[in-house]
Number of protein chains: 4
Amino acid sequence: MARRRSDDKRERILEAAVKVFARKGYFGARVAEIAKKAGVADGTIYLYFHNKEDILVSLFDEVMAEHIARAREESKSLPDAETKLRAIAGHHLRLFSGNQDLAVVFQVELRQSTKFMARFTATWLQDYFALLGDVIAEGQRQGALRSDLPKKLATKAFFGVLDQMVTSWILGGKDYDVGELAGPVVELFLRGAASPAKVPKARPALRAVASARGGR
Amino acid sequence: MARRRSDDKRERILEAAVKVFARKGYFGARVAEIAKKAGVADGTIYLYFHNKEDILVSLFDEVMAEHIARAREESKSLPDAETKLRAIAGHHLRLFSGNQDLAVVFQVELRQSTKFMARFTATWLQDYFALLGDVIAEGQRQGALRSDLPKKLATKAFFGVLDQMVTSWILGGKDYDVGELAGPVVELFLRGAASPAKVPKARPALRAVASARGGR
Amino acid sequence: MARRRSDDKRERILEAAVKVFARKGYFGARVAEIAKKAGVADGTIYLYFHNKEDILVSLFDEVMAEHIARAREESKSLPDAETKLRAIAGHHLRLFSGNQDLAVVFQVELRQSTKFMARFTATWLQDYFALLGDVIAEGQRQGALRSDLPKKLATKAFFGVLDQMVTSWILGGKDYDVGELAGPVVELFLRGAASPAKVPKARPALRAVASARGGR
Amino acid sequence: MARRRSDDKRERILEAAVKVFARKGYFGARVAEIAKKAGVADGTIYLYFHNKEDILVSLFDEVMAEHIARAREESKSLPDAETKLRAIAGHHLRLFSGNQDLAVVFQVELRQSTKFMARFTATWLQDYFALLGDVIAEGQRQGALRSDLPKKLATKAFFGVLDQMVTSWILGGKDYDVGELAGPVVELFLRGAASPAKVPKARPALRAVASARGGR
DNA sequence: GATGAATGAGCGTTCATTCAT
DNA sequence: GATGAATGAACGCTCATTCAT
């Protein structure tokens, strides 16, 4: 392959990094290997990134900035909470189903240390939770979601389910399309697992305990 | 007989390892530091473990073997699926709420590579999913859970929610008791987030897509 | 182009290695010490050699390749077997008399394990034996050497004598010039130790036993 | 196998050591492996030997003390130098042909460092050379050996040839009996390789150069 | 005497990063 | 800007030796 213009070197490095991180893991990845795959010299990496960690962080920041912006944007144009949740779930799952290497990096490699996790949480996860929280609040206002639903807990639960779907998909054979799980996941989240005939007598407790907590 | 291979030494090494792994991460942890904290010589570690990785893996295997055995045991003595799910959620969350370092190691450090993740999945997660799947199937037989609930998806969702609760708790200030989230989590899982007034018209789709998939 | 991979660095490492191996022995030698003596960083060694063993093996290969090539070359230009044997013995002994550290490495350190010995035998010793064998055969054809001389045995004997001269010289005080032993050694090899007056009655046995053997 | 009496532990350790040193080399040999093969605890080794090196040195000292004493003893009862040389060569070669592991240890492992070599030379090799020197001097007195033979050179040459025969045998397939090479080796040493018809004109030079030298 | 668990000094090798060209 | 040879700190693990039992 012919070398492209020098100003897409950064892009080529990031693309190479996703592949190498996905296959070898962050600690197992060698900067020299990323450089080779990107078609640049080892030292060139350091003209675009501060260090190895910065490659991973930049990768994550750039993908997430775009992803969240899109999700938030589309969210605005949709009429109700349920539709929005379906859209968000769909985007979330399709983001990864379309790029398996990226999925591995995000689901596994980015979580290798509390340091990365904390950064991850402090930046985009917070934004993502805010977006989800807004949608849930809207749903409650619209009467579509229970008014006694602990917002933070519901937000984390929604994310937790999506996250687990991606992780399970990665660790399994990736032999199905996670993207198609968006509908069923939202269904389960909205209607619950219990048989509808059953009276939801325990519901009050839901608000009682969790409202005062729910973490971040 | 010479100086006895004292079992408490192995225990001390594991305890030291949890602390060091939690603070420094697996790759950042130094075997020498674990040895020092355990009060043994560096070489002694290798009388009890094959290598650094084996410390982490052993830690995980031993904690999990006991945890799942207990969950399964208690499960037998409980009358219905809902009670069982509450018990399992309670145990899951309390396992970590009682040992923050262990929580960090399990939620973060053990997931740093696809290698660990795969092992984690192949051993105890599979067992855990089997246990949850049995409970869900029982609930369906008893009529407590929807018959159209995709079992695998529900299992992963239930686990995903619990897992996210622990992760959020760790990355937050750990300033509340995750153990108390068991009730609200199960409530949400069972009743769903949607307002009960709302007719669950979309339910059929749930089975349609997910039953054929659900992965592992 | 960046800093050039300078060939003299490789040379300096080999020179340093000879000294360190000679003084400390192969196992006692520290890679860090070789690096220091060569004036390079520890890691630089690994840009030129695969590992510690490769330094020793390369050293040996390079010296031997040149030595045998020269011996073979000169051999061609000499008229008869006796002259050739004198030349080979002279080169052999002078190779080491001129470089005592190299002598120690070749006579002692290279023989520390069957692994090295086997490699040593499989490569240059075989070539050397072939060269000696050719010269002996030529001598037999020319009538200068006994026709009943077992070629392999004579080859090994000739080498064994030279080898022992070098080894004795090293382990003694190296207070004489081994190079000058070439003449006497060849004399002894050719004429034997027995008094010429004595009739060589036992000669037939020589061929009888050894011809069928002689090993490699 | 039942454990034998405790006072043959030393013997068992030495036997085990020969095997392990022969297979793994001195540096590759593990004290724990020797202990295991000898059927004793690791620590027990240190009740009989100062350290690992002492095992090798003791092995060598004991075998050599006996070997040289026997060679010297038999030498006394034999009538002439030639017969004595044949006997010594026979013993030398048979010592190793009867115990291949011992041969490997003596020909290879004992020569791994100048330290061992120096010790080897200072103790038994000196004795051995003295014995050979005496026999050669006797031969000269009896008129069987040339009077102009440089004694030291001849001694080293005789040893060098025997030594090389053993080494070649070891590194080859050991598929013949080195013991039978004694006769041919002595023949060659006594009669030389040159055709008897040829006048030994160069003989005088033999004494000239080497007598003043010859090392130790 | 015998044991073998415990010790801890020691080192080959890796690889992120630098910087002369 | 780009290169890639050079750097050197860092560390998991081994194994000869010790010594409490």
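In what follows, chains are A, B, ... by sequence order, proteins preceding strands, each numbered from 1.
- The side chain of Ala41(A) lies closest to dG4(F), out of dG1(F), dT17(E), dG4(F).
- For dG12(E), one of the phosphate oxygens OP1 or OP2 lies less than 4.0 angstrom from a side-chain nitrogen or oxygen of Arg30(C).
- Closest contact between the side chain of Thr44(B) and the listed nucleotides dC13(F), dA5(E), dT7(E) involves dT7(E).
- Among the nucleotides dT17(F), dA5(F), dA6(E), the one closest to the side chain of Tyr48(B) is dA6(E).
- In Lys24(D), the NZ atom is not crowded: 12 or fewer heavy atoms of neighbouring residues, nucleotides or ligands sit closer than 6.0 Å.
- The listed nucleotides are dA6(F), dA2(E), dT7(E); the one nearest the side chain of Leu47(C) is dA6(F).
- When each of Gly39(C) and Gly43(B) is assigned the nucleotide of DNA chain F bearing its nearest heavy atom, the one mapping closer to the 5' terminus is Gly39(C).
- Nearest nucleotide to the Val31(D) side chain, out of dT17(E), dT17(F), dA5(F): dT17(F).
- Distance CD1 (Ile45(C)) to C1' (dA9(F)): 16 Å, rounded to an integer number of Å.
- Regarding Lys36(B), its NZ atom lies at a distance of 12 Å from the P atom of dA9(E), rounded to whole Å.
- Each of dA6(E), dT3(F), dA16(F) was ranked by its minimum atom distance to the side chain of Lys9(B); first place goes to dA6(E).
- The separation between Arg10(D) atom CZ and dG1(E) atom P is 13 Å, rounded to whole Å.
- Results of the ring pair (Phe, Tyr, Trp, His ring centres under 6.0 Å) test with Phe21(A) over Phe27(A), Tyr26(A), Phe60(A) single out Tyr26(A) as the only residue that passes.
- Of the residues near DNA chain F, Asp42(C) and Lys52(B), the one whose nearest nucleotide (by heavy atom distance) lies more toward the 5' end is Asp42(C).
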Checklist entry - Where do Val40(D) and Arg12(D) land on the side-chain contact (heavy atoms from CB on, under 4.5 Å) test, with the steps shown first? => result CA-CA 9 Å; Val40(D) 300; Arg12(D) 276 156 51 205; 3.9 Å; yes
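- Judged by Watson-Crick or G-U wobble contacts below 3.5 Å, the nucleotide dA20(E) has dT3(F) as its partner.
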Checklist entry - Checking side-chain contact (heavy atoms from CB on, under 4.5 Å) for the pair Val108(B)/Arg111(A): CA distance, chi angles, key distance, verdict? => result CA-CA 6 Å; Val108(B) 183; Arg111(A) 312 193 181 189; 5.5 Å; no
